[in-house]
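These numbers come from the heavy atoms of this one structure, side chains and all, not from hydrogens, waters or symmetry mates. Since this is a predicted model, take the numbers as computed values, not measurements. Throughout, a chain's letter reflects where its sequence line sits, starting with A, and its residues are numbered from 1.
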Number of protein chains: 2
Amino acid sequence: MSAATSICAVAVDVALLTVRDQRLHLLLVEPDDPVLAGLLALPGRRVRDDEGLDDAAHRALGELAGLQAPDAHLEQLRTYGEVSRDPRARVVSVAYLALTPTARAAPTHPGAGFLDVAALDAPGAPRLAYDHGRIVPDAIERARAKLEYTALATAFVTEPFTLAELRGVYEAVWGVALDPANFRRKVMGAAGFVLPVSGTAPPGRGGGRPARRYRRGPAQRLHPPMLRPER
Amino acid sequence: MSAATSICAVAVDVALLTVRDQRLHLLLVEPDDPVLAGLLALPGRRVRDDEGLDDAAHRALGELAGLQAPDAHLEQLRTYGEVSRDPRARVVSVAYLALTPTARAAPTHPGAGFLDVAALDAPGAPRLAYDHGRIVPDAIERARAKLEYTALATAFVTEPFTLAELRGVYEAVWGVALDPANFRRKVMGAAGFVLPVSGTAPPGRGGGRPARRYRRGPAQRLHPPMLRPER
DNA sequence: TCAATAGTGTCTTTTAGACATTATATG
DNA sequence: CATATAATGTCTAAAAGACACTATTGA
């Protein structure tokens with residue numbers, strides 16, 4: 001096998017999403033390369049010969065954002081392999097979608113931070129390095145779609161959680177308001193989505209009835225699904 | 001960067017599905033490597049430095065199965081990168097899901113052929129090389145799931161097609177029987193799924209009313225989705 | 001007390017599934 | 001004619017959405 005006919009670089013890029021202040025946020029970092037100054041990028045690393053792809057994704061989060069999230073939900077998004085997606089060399093990148101609850105998502109590295117995804121479409125949005133401007137919309141749409149037919153929303157909250165918190169996830173990711181009563185009935189009607197635990201969560205400053213607490217159920221897929229409004 | 005810290009092989013493996021005789025079939029080939037004699041494998045090739053991933057997938061179909069399917073539906077499934085998934089070397093494989101209508105799927109190479117996917121779970125099933133025994137169930141489940149909420153079923157039929165042919169796709173992929181009347185109403189109710197064209201298809205030998213013909217509509221996602229029975 | 005939020009009940013509209021009926025072909 | 005398949009209509013049960021009502025807290 002000659003060098004001219006085999007690819008010699010595999011990387012991972014991680015699109016980590018979380019919900020902050022009732023809005024969907026994306027983790028971005030400043031690239032190392034001074035050529036890319038002024039741009040932002042997804043945390044990404046070359047994959048080493050002795051590590052798996054998922055391991056490399058976790059390492060990228062730790063090394064570039066100072067984020068230790070061993071229990072974050074991590075799933076492959078797609079592999080981006082256009083010949084000239086990286087102008088310096090042929091690099092095939094395995095993109096990951098990561099989801100974490102807000103409390104566990106606190107980047108410590110300078111240059112790493114969360115950006116409201118709504119700001120990505122607004123004028124004055126930061127430009128993204130490489131082809132990350134294509135990866136990010138794919139990641140957001142994947143998250144939005146999987147909330148419908150999988151139990152993925154629970155990856156955004158810490159256990160135990162209330163149904164209001166879970167509803168807040170759906171509202172932030174989809175960008176819509178949902179009826180609390182109907183949301184409750186749909187969640188409870190999806191077998192194995194959430195399981196009740198003892199105790200209640202105290203109400204906020206304005207008062208209100210204490211909310212029951214739940215933890216993740218065994219279901220991966222939701223039957224019936226939680227369909228987005230406005231078909 | 002030293003060779004010890006960078007991966008030096010990217011491959012593609014293609015799981016091509018089609019419907020033959022009202023059943024879902026998978027394309028399999030005999031591996032080149034004599035060490036793997038007696039096993040079957042998905043068609044796969046190393047990715048060359050000067051070709052994209054999709055190009056490599058098409059090339060694998062052509063070179064290993066004699067299958068020219070430039071208009072087949074091709075989408076990434078997942079990238080398999082376990083450190084020792086290939087015992088000879090570290091190879092990261094981008095797995096593809098391909099879907100073709102029966103008429104266009106005629107492998108010409110010896111050793112290449114279609115296998116009823118039901119035979120994969122039966123006793124006496126052929127053993128698959130590498131980790132292809134893990135890729136194949138992922139591919140089948142992806143196809144089954146995407147029939148629910150995307151217009152992917154039309155990738156299995158040639159235009160123009162009848163609703164009975166489209167229903168046959170759902171029945172073969174899901175392995176269930178569907179009510180023709182209700183199926184029709186759901187298909188026609190999903191905006192942009194299929195569009196009528198002029199003319200009719202002649203009935204079979206036993207007679208019957210001629211069926212109207214349709215072509216693919218512009219919709220990628222189905223609203224509302226075609227949910228699988230037996231929730 | 002009122003305001004706020006959680007949780008339940010109920011009504012209406014929509015949708016899914018079962019299945020009868022009509023239309024148009026073959027033999 | 002009988003038989004087969006396409007296409008439409010109808011009925012019922014389930015589900016979705018709107019929203020009223022009750023429960024339990026903070027101020």
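- The nearest whole Å value for the distance from the CZ atom in B:R209 to the P atom in D:dT8 is 7 Å.
- An OP1 or OP2 oxygen of C:dT8 is reached within less than 4.0 angstrom by a side-chain nitrogen or oxygen of A:R212.
- Looking at residues 156-181 of chain A, you'll see A:D179, A:A181 sit with a heavy atom under 4.0 Å from some atom of DNA chain D.
- Nearest-nucleotide mapping onto DNA chain C: of A:G208 and A:R184, the residue sitting toward the 5' end is A:G208.
- One atom, NE2 of B:H223, and another, P of C:dT15, lie 14 Å apart when rounded to the nearest Å.
- Classification of B:E82 and B:R134 as a salt-bridged pair holds, one side-chain N sitting under 4.0 Å from a carboxylate O.
- Crowding of A:R127 atom CZ: a count of heavy atoms from other residues, nucleotides or ligands under 6.0 Å not exceeding 12.
- When side chains are defined from C-beta on, A:V157 does not count as touching A:V19, because their heavy atoms never get closer than 4.5 Å.
- Taking the charged nitrogens against the carboxylate oxygens, A:R144 and A:E171 have no contact shorter than 4.0 Å, which rules out a salt bridge.
- Put simply, CE on A:M226 is 9 Å from P on D:dA16, counting in whole angstrom units.
- Of the candidate nucleotides D:dA7, D:dG26, C:dA16, C:dA16 has the atom lying nearest to any side-chain atom of B:K186.
- You'll find that the side chain of A:N182 is closest to D:dC19, out of C:dC19, D:dC19, C:dA6.
- Ring pair A:H132/A:Y130 is tilted by interplanar angle, where 30° to 60° counts as tilted.
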message: Go through it in stages, so that I can follow the logic: the residues are B:F114 and B:T18, the test is side chain to side chain contact (heavy atoms under 4.5 Å, CB included), and I'd like the CA-CA distance, side-chain angles, deciding distance and then a yes or no.
response: CA-CA 9 Å; B:F114 284 103; B:T18 195; 3.5 Å; yes
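- Protein atom CZ of B:F183 is 12 Å distant from nucleotide atom P of D:dA7, rounded to whole Å.
- Residue B:R185 is classed as a base contact, given a heavy-atom separation below 4.0 Å to a base.
- The nearest whole Å value for the distance from the CE atom in A:M188 to the C1' atom in C:dG9 is 16 Å.
- Summary of the strand contacts: A:G207 and B:P210 both lie near DNA chain D, and taking for each the nucleotide with the nearest heavy atom, the more 5' one is attributed to B:P210.
- A search for ring pair (Phe, Tyr, Trp, His ring centres under 6.0 Å) contacts involving B:F193 returns nothing, not counting sequence neighbours.
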